[in-house]
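All remarks here apply to the structure that follows.
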Amino acid sequence: GTFKAGAISKPVLISSMMPTQRQQMEQARKADSVRFQPSRVRVLSGAPMSKVDVGGVPQYTACAQNPPGRGDSWQLNFFAEPGGYEIWFHGGDNSHHGILTASVDSQSIGLVDQYAVGNSYPTEHCLYWECESAGEHTLHGIAESKAPASVNYWICLFRITFQPVPSRRTMVLQLHAVETDPGLLEVRCLNMSGDQAAVVHCSSVARVAELRNLLCETFPFTWQLGLTLETGCLLNPEDDYKSCGEILTNLSHTS
């Protein structure tokens, strides 16, 4: 049917491209939660892994190498499929804790700093990792540093969660808008290959932020979404507060 500007309160998706097979597989992945305990963790250097009470509080249970020391290290195996992951380290923090250097398959993914002025439990620290191949992988941790104010190298954990998330790749869409009726825009969204990714109808007074939100919902596998004009100019965050008519229509009067 024919859309009238007054009948559209928010941008409406008319069509969109299907996600690729890889994107569909990424969205179908499930989270994996591994209990941090001696039966799952292999100590590489330092004292054995054992149950501990974080800060001496009986309810704050975790596992750690006891006694702790600089250079303590361990590894655990887990299964993953291609795509992005947030790796969540669940444990406890206090002023006796160190900094864990984490890597997956020998690739560094960042630091987990468990130092805190007071006792804190449970705590969560998150690192990002991108899986390239399906199968078994190895997470390795080493306590090789600590905050200047920390008095020891404790690393206390009770669970590690591997949460699938969109790969950290930015999707860029070029917007081509035409006014099909007074106050009504048809916005064609082209990817960087020039293929049509989506078509949206919206009121010229709709905010660019509403258009961006609709496109983010349409492409949930996208980590960040960049929008450009036909000239190639990238829209800035402040442009989100402007109307689609103000931003797009000055460039669309072509036959």
Side-chain angles (χ1 to χ4, degrees), residues 29-81 83-133 135-168 223-224:
R29 294 172 301 153
K30 305 295 184 183
D32 184 21
S33 186
V34 176
R35 290 196 63 82
F36 196 81
Q37 55 190 19
S39 61
R40 287 299 306 267
V41 182
R42 178 188 173 199
V43 171
L44 301 178
S45 62
M49 196 75 65
S50 63
K51 180 181 175 182
V52 297
D53 298 329
V54 178
V57 181
Q59 296 87 351
Y60 293 179
T61 58
C63 276
Q65 291 183 253
N66 186 13
R70 184 176 185 179
D72 285 353
S73 64
W74 49 262
Q75 68 180 30
L76 64 82
N77 296 329
F78 66 98
F79 288 91
E81 299 176 76
Y85 282 85
E86 287 180 346
I87 302 181
W88 289 88
F89 296 80
H90 309 268
D93 301 357
N94 64 35
S95 60
H96 292 255
H97 288 205
I99 299 174
L100 183 76
T101 300
S103 61
V104 176
D105 300 337
S106 300
Q107 173 193 350
S108 177
I109 60 172
L111 305 175
V112 174
D113 187 354
Q114 284 198 327
Y115 172 79
V117 174
N119 231 17
S120 184
Y121 181 99
T123 60
E124 295 179 336
H125 298 272
C126 181
L127 298 176
Y128 176 81
W129 168 68
E130 188 158 323
C131 175
E132 296 292 341
S133 61
E136 189 175 50
H137 298 270
T138 302
L139 173 66
H140 175 256
I142 177 170
E144 59 184 1
S145 61
K146 64 181 182 67
S150 178
V151 297
N152 216 325
Y153 290 88
W154 285 97
I155 297 294
C156 298
L157 299 166
F158 61 84
R159 186 171 68 250
I160 297 177
T161 300
F162 301 89
Q163 178 65 50
V165 296
S167 297
R168 290 191 174 179
W223 178 56
Q224 288 184 334

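- The two atoms that bring V112 and F89 nearest to each other are CG2-CD1, 3.7 Å, heavy atoms only.
- Residues T123 and D93 have side chains that bring a donor and an acceptor to within less than 3.5 angstrom of each other.
- Considering CG of L76 and CE of M49, their distance stands at 9.0 Å, rounded to 0.5 Å.
- For the atom pair CD1 (I155) and CG (L100), the distance works out to 5.0 Å, reported to the nearest 0.5 Å.
- Of the N and O atoms on the side chains of Q75 and T138, not one donor lies less than 3.5 Å from an acceptor on the other residue.
- Cation-pi contact between R40 and F78: absent, since separation from the ring centre below 6.0 Å together with deviation from the ring axis within 45° is not met.
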| Pair V34-F162, side chain to side chain contact (heavy atoms under 4.5 Å, CB included): steps then yes or no | CA-CA 8 Å; V34 176; F162 301 89; 3.9 Å; yes
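- The distance from the CG atom of L111 to the CD1 atom of I99 is 6.5 Å, given to the nearest 0.5 Å.
- With sequence neighbours excluded, no residue forms a side chain to side chain donor-acceptor pair (under 3.5 Å) with E81.
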| Verdict with reasoning, N119 to Y60, per side chain to side chain contact (heavy atoms under 4.5 Å, CB included) | CA-CA 10 Å; N119 231 17; Y60 293 179; 3.8 Å; yes
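- By the ring-ring contact (aromatic ring centres under 6.0 Å, His included) test, Y115 pairs with no residue at all, sequence neighbours left out.
- Among all heavy-atom pairs drawn from A64 and C156, the shortest one is CB-SG, 3.9 Å.
- Using modelled atom types, one side-chain atom of Y121 and one backbone atom of T61 make a donor-acceptor pair closer than 3.5 Å.
- Put simply, the side chain of R29 gets close to the backbone of V165: a donor and an acceptor are under 3.5 Å apart.
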| field | Residues V104, I87; criterion side chain to side chain contact (heavy atoms under 4.5 Å, CB included); working and verdict | value | CA-CA 10 Å; V104 176; I87 302 181; 4.0 Å; yes
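- I142 CD1 to E144 CD: the interatomic distance, rounded to the nearest 0.5 Å, is 5.0 Å.
- Panel note: side chain H97, backbone G92; a donor-acceptor pair is recorded below 3.5 Å.
- Of all non-hydrogen atoms in P164 and A31, the two that sit nearest each other are CD-CA, 3.5 Å.
- One finds the NE2 atom of H125 at 8.5 Å from the CG atom of L157 (value rounded to the nearest 0.5 Å).
- Checked by atom type, the side-chain pair S103/S108 shows no donor-acceptor distance below 3.5 Å.
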| field | Stepwise side chain to side chain contact (heavy atoms under 4.5 Å, CB included) check, W154 with N66 | value | CA-CA 8 Å; W154 285 97; N66 186 13; 3.3 Å; yes
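- One distance of note links CZ of R159 with SG of C63; it measures 13.0 Å at 0.5 Å rounding.
- What you find for P67 and D72 is that their closest heavy atoms are O-OD2, 4.1 Å.
- Side-chain N/O atoms of H140 and D105 include no donor and acceptor closer than 3.5 Å.
- Ring geometry for W74 against F36 counts as perpendicular: the plane angle is over 60°, on a 0 to 90° scale with 30° as the lower cut.
- In this structure, the side chain of Q65 engages the main chain of A47 through a donor-acceptor pair within 3.5 Å.
- Of all the heavy atoms in L139 and A102, the pair that sits closest is CD1-CB, 4.5 Å.
- Minimum heavy-atom separation, C131 to Y85: CB-CE1, 3.9 Å.
- Judged purely by distance below 3.5 Å, without hydrogens or angles, the side chains of H90 and T161 pair a donor atom with an acceptor atom.
- The backbone N or O of L127 lies less than 3.5 Å from no partner atom in the side chain of E86, so there is not a single donor-acceptor pair.
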